[in-house]
Amino acid sequence: MINANGEVLGSVAEWIGGFGTIAAVIAGFAQVKNQNKIKKANDIEEKRPRFDVKSASTIKNYKEIVALACKHDTQIVKKVLQHNESKYSKIQIINISPNIIYNLAIKITYTDSCGENVIDTYSYTGFSSNERIFIIPNDYS
């Protein structure tokens, strides 16, 4: 390539190589920025609470239960836990995330023994990693 003054500015191959180098540097910065976005999204996902929820037909070691979310008379709860009576519905929730859940609100909708739709709400605070709670819905008959 020659400019207007007759000076040689390099060959076409050198110019294409120069533009390619600039494009590669810009693409590298874009890739780093993209990787940072992906890492940030993964970090946020790792902190998201995760639970294992299942029906608990029997409770093998009720002494390990840290909390019980229910609205029943304490005698009923004691009876359910000590005798594992199968007529009582029990829902087990385990915090399987590595983080403490500071506030947990649970809403359970079910049909009671009279055929009516019932909504039970429970709230719990300070749910540690691998901690488990049991819920006994209000219609336990």
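Please read all numbers here as calculations on a predicted model, not as lab measurements. For the numbers below, each heavy atom of this structure counts, side chains included, while hydrogens, waters and symmetry mates do not. Here, residue 1 is the first one in the sequence, and each next residue gets the next number.
Using a 3.5 Å distance cut-off with no hydrogens or angles, the side chains of Ser97 and Asn99 do not pair a donor with an acceptor.
In terms of the side chain to side chain donor-acceptor pair (under 3.5 Å) criterion, Ser129 has no residue partners (sequence neighbours excluded). Scanning for side chain to side chain donor-acceptor pair (under 3.5 Å) contacts around Asn117 gives Thr111, with sequence neighbours left out. Remark: Thr109 engages Lys107, Ile119 in a side-chain contact (heavy atoms from CB on, under 4.5 Å) (not counting sequence neighbours). Evaluation of the salt bridge (Lys or Arg N to Asp or Glu O under 4.0 Å) rule for Glu116 yields no partner, not counting sequence neighbours. Among residues two or more places apart in sequence or in another chain, the side-chain contact (heavy atoms from CB on, under 4.5 Å) test is passed with Ile94 by Asp52, Gln92, Ile96, Arg132.
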Identify each donor-acceptor pair in which a side-chain atom of residues 32-41 lies under 3.5 Å from a protein atom, sequence neighbours left out, and give them as a table.
| residue | atom | partner | partner atom | Å |
| --- | --- | --- | --- | --- |
| Gln35 | OE1 | Gln31 | NE2 | 3.4 |
| Asn36 | ND2 | Val32 | O | 3.4 |
| Lys39 | NZ | Asp43 | OD2 | 3.1 |

(message) Under the criterion side-chain contact (heavy atoms from CB on, under 4.5 Å), I'd like the reasoning laid out for Tyr124 against Asn103: C-alpha separation, chi angles, the key distance, then a yes or no.
(response) CA-CA 6 Å; Tyr124 186 71; Asn103 292 304; over 6 Å; no
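Under the 30°/60° scheme for interplanar angles, the aromatic rings of Phe19 and Trp15 are found to be tilted.
Atom CD1 of Ile91 and atom CG of Asp120 lie 8.5 Å apart (nearest 0.5 Å). One distance of note links CG of Asn95 with CG of Asn130; it measures 7.0 Å at 0.5 Å rounding.
Side chain of Ser11 to main chain of Glu14: a donor-acceptor pair is present (N/O by atom type, distance under 3.5 Å, no hydrogens or angles). Between the side chain of Glu45 and the main chain of Asn42, no donor-acceptor pair closer than 3.5 Å is present.
Of all heavy-atom pairs spanning Phe127 and Ile93, the tightest one is CZ-O, 3.5 Å. A pairwise comparison of heavy atoms in Arg50 and Pro98 identifies NH2-CD, 4.0 Å as the closest pair.
Ile100 and Ile133 sit in two unconnected hydrophobic clusters of ILVMFWY residues. Membership requires side-chain heavy atoms under 4.5 Å apart, directly or through other members.
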